[in-house]
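Here is the structure we will look at.
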Amino acid sequence: MKLTGVELRRISLPLVSPFRTSFGTETTRDALLVRVVTTEAEGWGECVAMAGPLYSSEYVDAAADVLRRFFVPTLAAVDQLTAVGVARALEKFHGHRMAKAALETAVLDAELRAEGRPLARELGAVHDRVPCGVSVGIMPSIDELLEAVGNYLDEGYLRIKLKIQPGWDIEPVAAVREHFGDVLLQVDANTAYAVSDARHLARLDPYNLLLIEQPLDEEDILGHAELARHLKTPICLDESITSARAAAAAISLGACSIINVKPGRVGGYLESRRIHDVCQAHGIPVWCGGMLETGLGRAANIALAALPGFTLPGDTSASSRYYQTDITTPFTLEAGHLPVPTTPGIGVEPLEPELAAVTTHTEWLKL
Ligand code: NPG
């Protein structure tokens, strides 16, 4: 397979409701899609970088720039291009994992389409549907939070994740527990706390949470290990886990007992599978995170979430949780689950009119 052209497409989709976290409020998803054209087939990838470097150091304009200036020209020079060869070809470039993931996914999609193989089969999926959770942002009031959680539970979501930050933590958790009984519940701090908050965070212990996600800074592995000694609530890492090597180190240092796998954060689906394998070998449960993906990214995430070690519901919600109109055939929840795509590649394609309606810029990279 040889790369013959690459399209970078910027899209802007309004969210059905604002999504507030400790690092900011999103009202629109400005995403970057990558379409590769090869001698064998075409493929799509979605870059999950956000508009600003607030969740991590990556941001969407930088992703487009590094793809255009470095990654695409490097891949264009590879004669026998394969999906597994993408990471090797781009290894000399440091970081930019979200950009690498988008490009690798597009090449993987093209390769699997050419061979007629679905991504789920390729990764080693064992389920044909996956259980879904939903991530609930920081709300203006407890009443609004309870209303939002109630609506999601009515829709069938099997697990609730609450975003927390100092000043919005014990009270919302207590309110949701009191109101909705023993629903599967977890919290996500997105690095908003310090080790010195250990005693405060231990006040979450009585609420029987599945996990607390990324309480401390992404580089503070030892801090998480220290915090784990003070909390009964299991610690899950997200931002800190950028590779299978990072996962192995965090596990052996006792920094986490659960890991959130986000393909964009770790450089793609192939590295995600390696993290899954490392975790499975250590008896560490994993679950699939989300970054407000469109149907394109969602389809591939669902394939990953169907691997055997993904034993907790993921942030793999239905299209309607994010967007009025998705750019693919919408994913709809059935009894709290989403179906794993079964057709070749990532198993979905953008719908032309829907994609055109949200496209803000298209750039064709000549090779
Ligand atoms: O359902 O896609 C989703 C959102 C899940 O909470 C979610 N994502 O920190 O995990 C996170 C958070 C996020 C959203 C991170 C957007 C970065 C960008």
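Excluded from the calculations below are hydrogen atoms, water molecules and symmetry mates; all remaining heavy atoms, backbone and side chain alike, are included. Atoms within each ligand, like the ligands themselves, are counted from 1 in listed order. Please read all numbers here as calculations on a predicted model, not as lab measurements.
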Self-check item: Flag for Arg321-Tyr157: side-chain donor and acceptor within less than 3.5 Å
Solution: no
Quiz item: Counting both backbone and side chain atoms, is some N or O of Glu213 under 3.5 Å from an N or O of ligand 1?
Solution: no
Practice problem: Looking only at non-hydrogen atoms, find the nearest pair between Arg159 and Gly314 and report the distance. | Solution: NH2-C, 3.4 Å
Exercise. Give the residue, atom name and distance (to 0.1 Å) of the protein heavy atom nearest atom 6 (O) of ligand 1.
Key: Ser135 OG, 2.7 Å
Quiz item: Heavy-atom contacts under 4.0 Å between Asp238 and ligand 1: side chain, backbone, both, or neither?
Solution: side chain
Quiz item: Would you say the side chain of Met50 lies within less than 4.5 Å of the side chain of Glu26, judging by non-hydrogen atoms?
Solution: yes
Quiz prompt | ligand 1 contact by Glu26, heavy-atom criterion under 4.0 angstrom | solution = no
Quiz prompt | Minimum-distance protein heavy atom relative to atom 2 (O) of ligand 1 | solution = Leu292 N, 2.8 Å
Quiz prompt | Atom indices of ligand 1, in the order listed, that fall short of 4.0 Å to a heavy atom of Asp188 | solution = 9 (O), 10 (O), 11 (C)
Quiz item: Is any side-chain heavy atom of Thr38 closer than 4.5 Å to a side-chain heavy atom of Val107?
Solution: no
Self-check item: Within-cut-off N or O pair, Met50 and ligand 1, under 3.5 Å
Solution: no
Quiz prompt | Side-chain donor-acceptor contact under 3.5 Å, Thr294 with Glu46 | solution = yes
Quiz item: Taking non-hydrogen atoms only, is Thr316 closer than 4.0 angstrom to ligand 1 via side chain, backbone, both or neither?
Solution: neither
Quiz prompt | Which atom of Ala101 lies closest to which atom of Thr105, heavy atoms considered | solution = O-OG1, 2.7 Å
Quiz item: Just which atoms of ligand 1 are under 4.0 Å from any heavy atom in Phe23?
Solution: 15 (C), 17 (C)
Quiz item: Among protein heavy atoms, which sits nearest to atom 15 (C) of ligand 1, and what does the distance come to when rounded to 0.1 Å?
Solution: Tyr55 CD1, 3.5 Å
Exercise. Identify whether the distance between the nearest side-chain nitrogen and carboxylate oxygen of Asp30 and Arg10 falls below 4.0 Å.
Key: no
Quiz item: Considering only protein heavy atoms, which is closest to atom 8 (N) of ligand 1, and at what distance to one decimal place?
Solution: Gly290 O, 3.0 Å
Quiz item: Can you check whether Lys163 has an N/O within less than 3.5 Å of an N/O in ligand 1?
Solution: yes
Exercise. For ligand 1, find out whether one of its N or O atoms is nearer than 3.5 Å to an N or O atom of Tyr322.
Key: yes
Quiz item: What's the shortest heavy-atom distance between Ile346 and Pro341, and which atoms?
Solution: O-CB, 3.8 Å
Practice problem: Let me see the working for Met1 and Thr39 under side-chain contact (heavy atoms from CB on, under 4.5 Å), right down to the final yes or no. | Solution: CA-CA 6 Å; Met1 198 162 82; Thr39 45; 4.3 Å; yes
Quiz item: Where on Asn190 is there a heavy atom closer than 4.0 Å to ligand 1, on the side chain, on the backbone, on both, or on neither?
Solution: side chain
Quiz item: Taking the minimum heavy-atom distance to atom 10 (O) of ligand 1, which of Arg321, Arg298, Lys262, Met291 ranks first?
Solution: Lys262
Quiz prompt | Criterion side chain to side chain donor-acceptor pair (under 3.5 Å) on Asp188 and Gln214, from CA distance to verdict | solution = CA-CA 6 Å; Asp188 182 4; Gln214 197 70 41; over 6 Å; no
Quiz prompt | Short N or O distance, Phe19 and ligand 1, threshold 3.5 Å exclusive | solution = no
